[in-house]
Amino acid sequence: MEELTLTTPAVLFSAISLIMLAYTNRFLAYAAVVRSLHDKYLEKKDKQLIKQIENIKKRLYLTRAMQIYGISSLLLCVLTMFLIYVQQQTIAVWVFGAALVLLIVSLALLIKEIQISVKALEHHISDIENN
């Protein structure tokens with residue numbers, strides 16, 4: 001394996017930052033939906049709203065986990081850059097590997113969250129098609 005340089009974790013650093021921005025946007029969108037569902041539920045205590053709230057709750061928890069793993073990956077990338085700077089190459093390689101694993105977990109959770117989101121939208125579409 002070639003020697004790990006500052007460039008490699010630095011590139012991943014910027015990619016993770018963009019992913020975190022996307023995760024934050026998803027979280028803010030869910031927060032708006034939760035507030036809307038909350039207001040609707042207070043007006044009319046509908047069982048359908050409860051199902052939607054349960055679905056969005058799952059998605060919020062997944063998004064939180066995605067953010068935690070993504071931030072942890074970002075933190076380890078920064079630590080990798082520091083370790084390279086202080087010439088601790090072997091440790092840096094292992095820390096960078098851990099950062100990659102955390103990023104993989106974060107992206108896998110994103111796939112799961114997208115699947116749940118699509119199912120929720122399919123449910124809404126079927127309601128429209130059945131009427």
Side-chain angles (χ1 to χ4, degrees):
M1 184 175 122
E2 292 183 31
E3 189 171 309
L4 190 62
T5 66
L6 282 172
T7 307
T8 306
V11 169
L12 193 59
F13 183 91
S14 60
I16 294 170
S17 297
L18 290 173
I19 289 170
M20 293 308 300
L21 181 62
Y23 290 174
T24 300
N25 287 340
R26 289 180 91 79
F27 186 82
L28 293 174
Y30 292 151
V33 170
V34 167
R35 287 183 185 97
S36 172
L37 288 173
H38 178 265
D39 293 342
K40 286 179 184 177
Y41 184 77
L42 290 179
E43 289 175 17
K44 181 183 175 190
K45 304 209 182 322
D46 185 6
K47 284 187 178 185
Q48 198 64 14
L49 291 174
I50 293 291
K51 288 180 183 178
Q52 290 177 8
I53 291 168
E54 288 171 358
N55 180 279
I56 202 82
K57 188 176 176 181
K58 274 188 218 174
R59 290 158 61 190
L60 275 170
Y61 286 135
L62 277 173
T63 302
R64 178 183 65 185
M66 289 162 27
Q67 289 175 318
I68 289 169
Y69 283 107
I71 291 167
S72 299
S73 178
L74 183 62
L75 180 64
L76 290 183
C77 280
V78 173
L79 180 58
T80 299
M81 292 188 308
F82 175 76
L83 289 168
I84 292 168
Y85 178 74
V86 296
Q87 299 177 351
Q88 295 295 316
Q89 188 69 23
T90 304
I91 298 170
V93 168
W94 284 101
V95 171
F96 185 66
L100 292 175
V101 169
L102 291 174
L103 183 57
I104 290 167
V105 171
S106 178
L107 294 172
L109 290 172
L110 175 61
I111 291 170
K112 178 70 175 162
E113 192 277 331
I114 288 171
Q115 290 173 329
I116 293 171
S117 296
V118 168
K119 284 182 183 178
L121 292 173
E122 285 174 348
H123 180 72
H124 283 293
I125 290 170
S126 70
D127 282 353
I128 294 169
E129 291 174 340
N130 292 334
N131 287 331

Side chain proximity check, [X] to [Y], heavy atoms < 4.5 angstrom:
X    : Y    : value
L103 : L107 : yes
L12  : T8   : no
I84  : F96  : no

Notebook entry, point to check: Can you list every salt bridge (Lys or Arg N to Asp or Glu O under 4.0 Å) pair that touches residues 7-30, not counting sequence neighbours?
Noted result: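 As it turns out, the salt bridge (Lys or Arg N to Asp or Glu O under 4.0 Å) pairs with a partner in residues 7-30, which skip direct neighbours, are R26-E113.
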Next item on the list: Mind jotting down which residue pairs meet the side-chain hydrogen bond (donor to acceptor under 3.5 Å, both in side chains) criterion with at least one end in residues 90-103? Sequence neighbours excluded, please.
Entry: none
Residues in side-chain contact (heavy atoms from CB on, under 4.5 Å) with [X], at least two apart?
X    : value
S106 : Y23, M66, Y69
I56  : Y30, V33, V34, L37, R59
K40  : S36, L49
I68  : R64, S72

Indicate the atoms forming the closest heavy-atom contact of [X] with [Y], along with that distance.
X   : Y   : result
G70 : I16 : O-CG2, 3.5 Å
A99 : S73 : O-OG, 2.8 Å
T80 : A92 : CG2-O, 3.6 Å
L76 : V95 : O-CG1, 3.4 Å
I71 : M20 : CG1-CE, 3.4 Å

Next item on the list: Report the distance from atom NZ of K112 to atom CG of L109, rounding to the nearest 0.5 Å.
Entry: 10.0 Å
Next item on the list: State plainly whether one hydrophobic cluster holds both L6 and L4, where clusters connect Ile, Leu, Val, Met, Phe, Trp and Tyr through side-chain heavy atoms under 4.5 angstrom apart.
Entry: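 Yes, it is one cluster - the side chains of L6 and L4 are joined through contacts under 4.5 Å.
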